[in-house]
Enquirer: 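The structure that follows is given in the form of structure tokens.
The residues of the chain are indexed from 1 along the displayed sequence.
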Amino acid sequence: MNPMIMPWFQTQFTQYPIPIFFAQFPGFVYNPTICFIAQFQDLDDMMGWSDSQRERARKLLRKAMVLQFIHIYGTDPDSLAAWQLLCWVLRIFPIPNSIPQCRKRVYATHVNICDLLMLPWQGLPPLFPSELALSTYTKSTQKIFPRKSQGERGFRRATHGRIRFLRREHCLRCTSSSDNPGIPWIRTFPITHMP
């Protein structure tokens, strides 16, 4: 790897919610090229959590998943640029020039949302020819995006391959600040205090 790129990559890597979640555990080495769901299981094995501790950590990972989606794809359901980014990620070409056309094409695509979260490290997500194929993949990999996330009620996640964005009014606390660009929520992410 180009030595000039490495510092940039490390800076970018630390700004994403899922790596930040794993960084809260000294001794655990997170590898962004491996599925974070599988790594959560490895972390659970290492920590030897009780059922209540595991569930608490799982809730925090789910929060990180939602926030990573926001970090990568944004929050504005009326952003043509955001919809066009999704079209590009889903390999929808030519990329439509209107939000209704983008939505129609995105909604017709079968993709696991957890795979969309790993775009910066694992590249473009696999696409599936049918809802059944997507369902089979999701069940076998346990890559399940949270249906609801506390405090993120405006987020309408896609079921059956459909994606929607958080509504801006429910996301004001997720906006960047100059002292903590991209991750202002980290102060409310109390994983280090787990018993």
Side-chain angles (χ1 to χ4, degrees), residues 1-75 89 111-126 137-155 157 165-166 170-195:
M1 178 175 270
N2 182 334
M4 298 301 290
I5 293 174
M6 192 56 136
W8 174 86
F9 178 78
Q10 289 171 341
T11 300
Q12 293 301 308
F13 176 80
T14 61
Q15 293 181 8
Y16 285 91
I18 291 174
I20 290 170
F21 166 81
F22 285 102
Q24 303 296 307
F25 300 96
F28 186 80
V29 179
Y30 173 69
N31 181 345
T33 64
I34 298 173
C35 172
F36 64 91
I37 301 294
Q39 289 191 75
F40 181 80
Q41 183 60 48
D42 293 341
L43 176 63
D44 182 16
D45 293 343
M46 182 187 98
M47 298 298 290
W49 285 324
S50 67
D51 290 344
S52 62
Q53 291 172 320
R54 181 180 310 105
E55 188 54 34
R56 186 172 174 200
R58 186 173 284 125
K59 285 179 182 178
L60 292 170
L61 177 60
R62 288 180 187 138
K63 180 178 181 179
M65 292 164 66
V66 170
L67 293 170
Q68 185 140 323
F69 186 91
I70 293 167
H71 192 79
I72 297 170
Y73 299 101
T75 60
V89 169
V111 63
N112 184 289
I113 296 177
C114 292
D115 290 330
L116 289 175
L117 302 178
M118 301 315 295
L119 176 68
W121 306 284
Q122 296 177 7
L124 298 176
Y137 169 81
T138 299
K139 288 176 185 174
S140 69
T141 60
Q142 294 297 304
K143 292 181 177 179
I144 301 169
F145 193 82
R147 185 174 293 254
K148 293 181 181 177
S149 180
Q150 188 175 16
E152 305 295 342
R153 289 172 289 173
F155 187 69
R157 79 145 178 100
F165 290 91
L166 274 166
H170 294 295
C171 250
L172 294 176
R173 66 183 187 82
C174 300
T175 57
S176 297
S177 64
S178 60
D179 61 317
N180 199 1
I183 52 169
W185 52 271
I186 192 64
R187 290 184 286 280
T188 63
F189 205 64
I191 190 85
T192 55
H193 302 301
M194 273 185 62

Enquirer: So, do F36 and M65 sit near enough that their side-chain heavy atoms are less than 4.5 Å apart?
Expert: yes
Enquirer: Could you tell me which residues satisfy ring-ring contact (aromatic ring centres under 6.0 Å, His included) with F22, sequence neighbours excluded, listed by chain and number?
Expert: F28, Y30
Enquirer: Which value, rounded to the nearest 0.5 Å, describes the distance between T75 atom OG1 and L67 atom CG?
Expert: 11.5 Å
Enquirer: Could you list the residues that satisfy side chain to side chain donor-acceptor pair (under 3.5 Å) with Q142, not counting sequence neighbours?
Expert: none
Enquirer: Looking only at heavy atoms, what is the nearest atom pair of F145 and C114, with distance?
Expert: N-SG, 3.8 Å
Enquirer: Return the set of residues passing side-chain contact (heavy atoms from CB on, under 4.5 Å) with Q122 (not counting sequence neighbours), or none when no residue passes.
Expert: M118
Enquirer: What are the two closest non-hydrogen atoms of P17 and A64, and how far apart are they?
Expert: CB-O, 3.4 Å
Enquirer: Who passes side chain to side chain donor-acceptor pair (under 3.5 Å) against D115, sequence neighbours left out?
Expert: Y137, K143
Enquirer: Check step by step if side-chain contact (heavy atoms from CB on, under 4.5 Å) holds for L116 and V111.
Expert: CA-CA 8 Å; L116 289 175; V111 63; 4.2 Å; yes
Enquirer: Can you sort out the partners of S50 under side-chain contact (heavy atoms from CB on, under 4.5 Å), two or more places apart, ordered by chain and number?
Expert: S52, Q53
Enquirer: What's the shortest heavy-atom distance between I18 and Q68, and which atoms?
Expert: N-OE1, 2.8 Å
Enquirer: For N31 and W121: C-alpha separation, side-chain torsions, deciding distance, then whether side-chain contact (heavy atoms from CB on, under 4.5 Å) applies.
Expert: CA-CA 9 Å; N31 181 345; W121 306 284; over 6 Å; no
Enquirer: Got a sec, which residues hit side chain to side chain donor-acceptor pair (under 3.5 Å) with D42, two or more places apart in sequence or on another chain?
Expert: none
Enquirer: Check the angle between the aromatic planes of F69 and Y73 and answer parallel, tilted or perpendicular using the 30° and 60° thresholds.
Expert: tilted
Enquirer: Would you mind reporting whether P146 and K63 have side-chain heavy atoms less than 4.5 Å apart?
Expert: no
